[in-house]
There are 2 protein chains.
Amino acid sequence: MTVWDRPEPPTRPVPLDRERIVAAAVALADEGGLESVSLRKVAARLNAGPMRLYGFIATKEELFDLMVDEVQAEILPEEQPGDWREALSVLAHRTRQTALRHEWLADLLGGRPTLGPNGLAVTEATLAALDGLADIDTVMRAVETVSAYFTGAIRREVANLRAERATGLSERDWQRAHGPHVTRMLATGRFPSLSKAVHDGTDTDPETSFATGLDWILDAVATRLNRPPA
Amino acid sequence: MTVWDRPEPPTRPVPLDRERIVAAAVALADEGGLESVSLRKVAARLNAGPMRLYGFIATKEELFDLMVDEVQAEILPEEQPGDWREALSVLAHRTRQTALRHEWLADLLGGRPTLGPNGLAVTEATLAALDGLADIDTVMRAVETVSAYFTGAIRREVANLRAERATGLSERDWQRAHGPHVTRMLATGRFPSLSKAVHDGTDTDPETSFATGLDWILDAVATRLNRPPA
DNA sequence: TCTCATGGCGATACAGCGTATTGTTCCGCT
DNA sequence: AGCGGAACAATACGCTGTATCGCCATGAGA
């Protein structure tokens with residue numbers, strides 16, 4: 001019985017690990033959004049049956065948690081910059097960029113506490129930026145305020161982006177884009193300030209808008225630091 | 001053939017309308033969260049088949065939009081208060097309270113543009129509070145910043161609330177509550193600032209935390225107003 | 001070297017989902 | 001009186017997350 005007679009041993013299935021699973025899930029989400037991530041499709045990408053995944057995750061939500069943690073690795077900058085303000089600003093902007101690269105992240109951002117290694121690292125980096133510049137409680141308030149801001153801002157930005165994509169491609173022209181409905185509503189005269197804003201407002205690009213709001217908030221933070229611990 | 005002989009006409013089904021549909025959906029969501037809102041269950045509450053709903057909505061997402069707009073009615077205060085700062089503050093706090101009454105709102109907040117009548121009314125009220133106090137673009141930046149903040153803050157608050165509920169009921173004790181995982185991670189020494197924060201930080205109640213961050217931001221807004229139009 | 005237990009894995013199954021399609025039934029108009 | 005059309009119900013399809021079960025390859029022990 002030579003080698004040639006013996007059949008190859010039945011190919012043991014490619015071993016799986018969380019890394020590969022999460023990578024597949026992220027790829028799917030990048031291509032078709034969160035809702036096109038199904039355990040079946042993820043498994044299929046790895047030539048496995050759906051049930052195989054349950055050795056590594058207990059629930060679909062857990063997979064989402066892993067996905068979030070995975071892309072949070074992209075948030076941390078290579079090197080921490082010098083002053084607290086730049087550090088926070090960089091973290092915020094990198095979070096935004098990550099969310100624009102993985103739009104589904106916007107759906108998950110802030111939805112659950114991020115306790116994974118990368119999530120903790122991001123939190124650590126944020127806290128570290130302000131470490132020693134004020135009492136702990138002030139620091140925490142600052143961190144929470146800043147991150148609440150960019151969570152919300154990113155979410156809205158992505159939401160608007162999708163809405164624009166859905167109605168056609170007009171970036172300008174709220175009115176014509178969002179269909180006659182808004183136009184009609186504004187015409188009722190019940191929303192004078194809104195009408196004025198829509199009519200006269202300059203169309204600021206999202207990035208500057210994001211940066212401006214962030215700057216305001218960092219200003220506010222600045223005034224609470226440095227102030228001696230009373 | 002008297003009335004008594006004639007059988008009652010076959011009970012025509014109770015007429016449906018969006019209001020009743022949305023009310024049923026909101027009730028369902030209040031009881032069991034967003035994920036327990038299914039078209040079948042909503043319809044069942046109204047003694048109807050699932051397909052009946054499609055006369056009033058085209059898609060489940062539309063139902064969600066209607067639900068959001070419905071509860072946004074709870075945000076508008078009875079009377080607009082005097083100064084811009086209080087107006088914005090009240091709107092933010094009322095949004096928060098609404099989200100605490102309807103936790104599922106946190107899942108939807110900021111997820112899609114709110115173009116319904118109540119949504120527009122809320123936007124109008126927000127813009128109106130600042131109307132005339134600065135050039136339009138500054139006003140818009142302010143509105144967006146403030147609402148990005150409270151969107152994010154509310155989301156996180158609800159997320160934490162759920163996490164606490166899930167792990168048991170300990171409000172304090174991050175560590176023991178979130179299980180050994182966080183404890184172990186902190187013990188690695190890779191997150192010094194975070195450890196310090198968890199260890200030494202006072203446990204601020206969510207409402208004050210929310211209010212404080214909001215105040216900071218309103219301070220920041222204040223410094224951009226009043227400043228004469230250059 | 002043979003045997004048996006073990007544990008990973010695939011298949012199957014189930015209940016539920018959103019929605020398309022297809023009947024059916026009744027109302028109001030001509 | 002009869003008919004057109006709309007409102008409504010039933011059925012069906014493809015998909016979902018997950019529980020369960022039975023198999024079979026592998027490694028340990030005799």
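Remember, predicted model here, so these are calculated numbers, not experimental data. Below, read A as the first sequence line, B as the second, and so on, with proteins coming before strands; counting in each chain starts at 1.
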With a 4.0 Å cutoff (strictly under), does any side-chain N or O of A:Tyr54 reach OP1 or OP2 of D:dA19? no

Under 4.0 angstrom between A:Thr59 side-chain N/O and D:dG17 OP1 or OP2: no

N/O donor to acceptor pairs below 3.5 angstrom from side-chain atoms of residues 113-120 of chain B, sequence neighbours left out:
unit_1   : atom_1 : unit_2  : atom_2 : d
B:Asn118 : ND2    : B:Asp69 : O      : 2.9
B:Asn118 : ND2    : B:Asp69 : OD2    : 3.4

If I take atom [atom1] in residue [X] and atom [atom2] in nucleotide [N], what distance separates them, rounded to the nearest angstrom?
X	N	atom1	atom2	value
A:Leu53	C:dC9	CG	P	11 Å
A:Leu28	D:dG17	CG	P	11 Å
A:Leu34	D:dG17	CG	P	12 Å
A:Arg52	C:dA11	CZ	P	11 Å
A:Leu63	D:dT18	CG	P	10 Å
A:Ile57	D:dG17	CD1	P	9 Å
A:Phe56	C:dC9	CZ	C1'	11 Å

Does anything in residues 88-97 of chain A pair up under salt bridge (Lys or Arg N to Asp or Glu O under 4.0 Å), and if so which pairs, sequence neighbours excluded? A:Glu78-A:Arg94, A:Arg96-A:Glu157, A:Arg96-A:Glu207

Which pairs pass salt bridge (Lys or Arg N to Asp or Glu O under 4.0 Å) with one or both residues in residues 21-32 of chain A, sequence neighbours excluded? A:Glu31-A:Arg45

Expected output: side-chain B:His199 to main-chain B:Ser195 donor-acceptor under 3.5 Å: no

In this structure, CG of B:Leu53 is separated from CG of B:Leu39 (nearest 0.5 Å) by 6.0 Å

Under a 4.0 Å heavy-atom criterion, the protein footprint on nucleotides 10-16 of chain D, written with B, S and -, is B-B---B

Describe, as an angle rounded to 10 degrees, how the axis at the first end of the helix from C:dT1-D:dA30 to C:dT30-D:dA1 is tilted relative to the axis at the last end, five pairs per end. 20°

Please enumerate all residues that pass side-chain contact (heavy atoms from CB on, under 4.5 Å) together with B:Thr98, with sequence neighbours excluded. B:Val71, B:Glu74, B:Ile75, B:Arg101, B:His102, B:Leu105

Residues which pass side-chain contact (heavy atoms from CB on, under 4.5 Å) with A:Glu144, listed by chain and number, not counting sequence neighbours: A:Met140, A:Arg141, B:Arg156, B:Ser209

Residues in side-chain hydrogen bond (donor to acceptor under 3.5 Å, both in side chains) with A:Glu124, at least two apart? B:Ser193

Holding to side-chain hydrogen bond (donor to acceptor under 3.5 Å, both in side chains), I want the full list of residues that pass it with A:Lys196, two or more places apart in sequence or in another chain. B:Asp131

